[in-house]
2 protein chains.
Amino acid sequence: MNSIPEKTIGRLSLYRRLLNRLRAEDKTHLYSYELATLAGGTPARVRRDLMAIGYNGNPAHGYEVEGLIESLGHFLDTPQGQPVVLVGIGNLGRAILSFFTGRRPRLYIVAAFDSDPAKVNRVIHGCRCYPMQELPETVRGKGITVGIICVPAGEAQPVAEQLAAAGVRGILNFAPVRLHLPGNIYVEDMDMTMALEKVAYFAARKPNNVPGK
Amino acid sequence: MNSIPEKTIGRLSLYRRLLNRLRAEDKTHLYSYELATLAGGTPARVRRDLMAIGYNGNPAHGYEVEGLIESLGHFLDTPQGQPVVLVGIGNLGRAILSFFTGRRPRLYIVAAFDSDPAKVNRVIHGCRCYPMQELPETVRGKGITVGIICVPAGEAQPVAEQLAAAGVRGILNFAPVRLHLPGNIYVEDMDMTMALEKVAYFAARKPNNVPGK
DNA sequence: TTAACATTGTGAAATAAATCACAACTAATT
DNA sequence: AATTAGTTGTGATTTATTTCACAATGTTAA
Ligand SMILES: NC(=O)c1ccc[n+]([C@@H]2O[C@H](COP(=O)([O-])OP(=O)(O)OC[C@H]3O[C@@H](n4cnc5c(N)ncnc54)[C@H](O)[C@@H]3O)[C@@H](O)[C@H]2O)c1
Ligand SMILES: NC(=O)c1ccc[n+]([C@@H]2O[C@H](COP(=O)([O-])OP(=O)(O)OC[C@H]3O[C@@H](n4cnc5c(N)ncnc54)[C@H](O)[C@@H]3O)[C@@H](O)[C@H]2O)c1
């Protein structure tokens, strides 16, 4: 069976963001090559990606911005929205709170947790912060499915297990370690150290060694 | 010709980090399956990755931790080290400064820049901060090849062009836009919004739709 | 109405990456 | 010295993803 490539999911989310910006500029239609330029890619890949959501363009005007956004929403979002929790209110955790809290309607951080008593029971960047003890009841009580981990590397595995035990189904992990969880929990690693070393590697080699992406 | 897969580069950096931790625990040898468990992957992939650096293990004892670390360093690092600049001392920029400044010997942030006069001419998390005007001479003067972009989305393209013009060869980009630069400049995007939406997507689907990674 | 044009949707081909599977090897044991 | 056990290195294969390339299509203009 032909299922949707994992990378396509990420790009669909990117397309939607770009389209929302275009809509705000009153653009009503666009071609695959325009979206490809904005998203960084080829027109063929854009068309292939859009096949996944079953939205059809038109050879004369391309894709209708409004309809495509709606179609992407239908594909990517759940009707009831998806609240998110964050664990670890340190330097990075606070930056992320400032960015994601109260921004998107369907994907927003509803609570943050930390083991340090000095950091909890207050509001940071508009987000309520609680001690770790309250994590299970919050996650279970609100039916939260997504967690963000911003704790030190050594704490990431136990925190991930607590999240999984509480019912979270997907984790965005900023700690530079690989998590070992049951296979039905989706983990996406944001390993900045790895990314920076990769950049440094290619920055130091000759142009012909630099992949086009 | 068989060149090294791009993903292998990132994993080699991860292997090194894991090995450094093992060395600190006085482990002298390990097998591919052990490294695979730590890094999250298969033993075959670990062995295939290590083929790239030409370090040979031994069927009886596996890989020698010390020698492998050295070999990885030889492959990944440049002899002279690679200083890094960061642009955009906002919420995220400061978090990254706190994490990367003065940490690794070969890859460290030596200067940060911002267009806001209120944020410059001081030291944040141990890193000196300068106004944007001084970026070209700093980058050129110190032969800096790597830049990190932490400015708002709308400013990322012009900032990227300034970095490229000053001589930077690789960019780690945290702004949620795709940069358009000459093909000899390597760009790695850290798009947290995309990552979070991907997690949310898979968290909301059934287990059998969750890729194993 | 018809021809010209640029784009879509997609089967087929190409490329990239992961995995399989096994001969070759090393050290420990008999 | 021969045997066993368990791992490495890698050719071959499989799977994932991207790109090619072209018939089908909607629109515009003659
Ligand atoms: N700061 C960055 O830019 C950056 C960059 C790359 C990676 N990271 C990674 O992100 C993670 C967080 O980094 P940071 O700079 O914010 O660290 P930090 O030390 O500033 O913050 C960590 C927070 O986690 C809390 N914590 C510790 N153990 C906990 C536990 N068991 N349960 C709940 N909370 C706990 C601490 O109280 C603290 O508030 C680390 O794993 C780090 O490696 C951070
Ligand atoms: N904060 C996060 O956790 C987070 C998460 C995802 C993405 N991002 C992205 O990272 C980037 C930075 O986010 P932030 O939260 O730190 O924003 P911020 O507004 O806190 O900081 C942006 C900084 O960039 C500086 N700046 C603006 N224009 C500039 C220019 N032309 N040259 C130099 N400096 C300039 C500003 O003075 C400010 O200090 C944004 O693109 C954002 O979308 C941030």
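The shown structure was predicted, so the numbers you read here are calculated from the model rather than taken from an experiment. Naming: A, B, ... by sequence-line order, numbering from 1 per chain.
A sub-4.0 Å separation between OP1 or OP2 of dA6(C) and a side-chain N or O of Tyr31(A) is absent. In terms of phosphate contacts, Arg45(B) brings no side-chain nitrogen or oxygen within less than 4.0 Å of OP1 or OP2 of dT8(D). In this structure, Asn56(A) reaches the dG9(C) phosphate: one of its side-chain N or O atoms is under 4.0 Å from OP1 or OP2. Dashed line: the shortest gap from a side-chain N or O of Thr42(B) to OP1 or OP2 of dA18(C) is not under 4.0 Å.
Between the side chain of Arg48(A) and the base of dT18(D), no donor-acceptor pair of N or O atoms lies under 3.5 Å.
Across the protein-nucleic acid pair, Glu6(B) atom CD and dA18(C) atom P stand 11 Å apart, rounded to whole Å. dT8(C) atom P lies 10 Å from atom CG of Leu50(A), rounded to whole Å. Per the geometry, CG belonging to Asp49(B) stands 11 Å off P belonging to dA17(C), to the nearest Å. Per the geometry, CZ belonging to Arg47(A) stands 11 Å off P belonging to dC20(D), to the nearest Å. Following rounding to the nearest Å, Tyr33(A) (OH) and dC20(D) (C1') show an atom-to-atom distance of 20 Å. As rounded to whole Å, 17 Å separates atom C1' of dA18(C) from atom CD1 of Ile4(B). Spacing between atom CE of Met51(B) and atom P of dA17(C) amounts to 15 Å, rounded to whole angstrom units. For the pair His29(A) NE2 and dT28(D) C1', the computed distance is 16 Å after rounding to whole Å.
Remark: Arg17(B) does not engage Glu197(A) in a salt bridge, criterion side-chain N to carboxylate O under 4.0 Å. The pair Arg11(B)-Asp191(A) does not meet the salt-bridge criterion, since no charged nitrogen lies less than 4.0 angstrom from a carboxylate oxygen.
Using a 4.0 Å heavy-atom distance criterion, Thr8(A) is classed as making no nucleic acid contact.
Side chain of Gln82(A) to main chain of Ala200(B): a donor-acceptor pair is present (N/O by atom type, distance under 3.5 Å, no hydrogens or angles). With hydrogens and angles ignored, the 3.5 Å screen pairs no side-chain donor or acceptor of Ser71(A) with any backbone N or O of Gly67(A).
Counting only residues at least two apart or in different chains, ring-ring contact (aromatic ring centres under 6.0 Å, His included) contacts with residues 55-96 of chain B comprise Tyr201(A)-Phe75(B), His29(B)-His61(B).
Listed in residue order, the members of residues 57-70 of chain A having a heavy atom less than 4.0 Å from DNA chain D are Asn58(A), Pro59(A), Ala60(A), His61(A).
Within 6.0 Å of CD in Glu70(A) there are 12 or fewer heavy atoms belonging to other residues, nucleotides or ligands.
Considering Ile171(B), Leu163(B), Val168(B) in turn, Ile171(B) is the only one that fulfils the side-chain contact (heavy atoms from CB on, under 4.5 Å) rule with Leu181(B).
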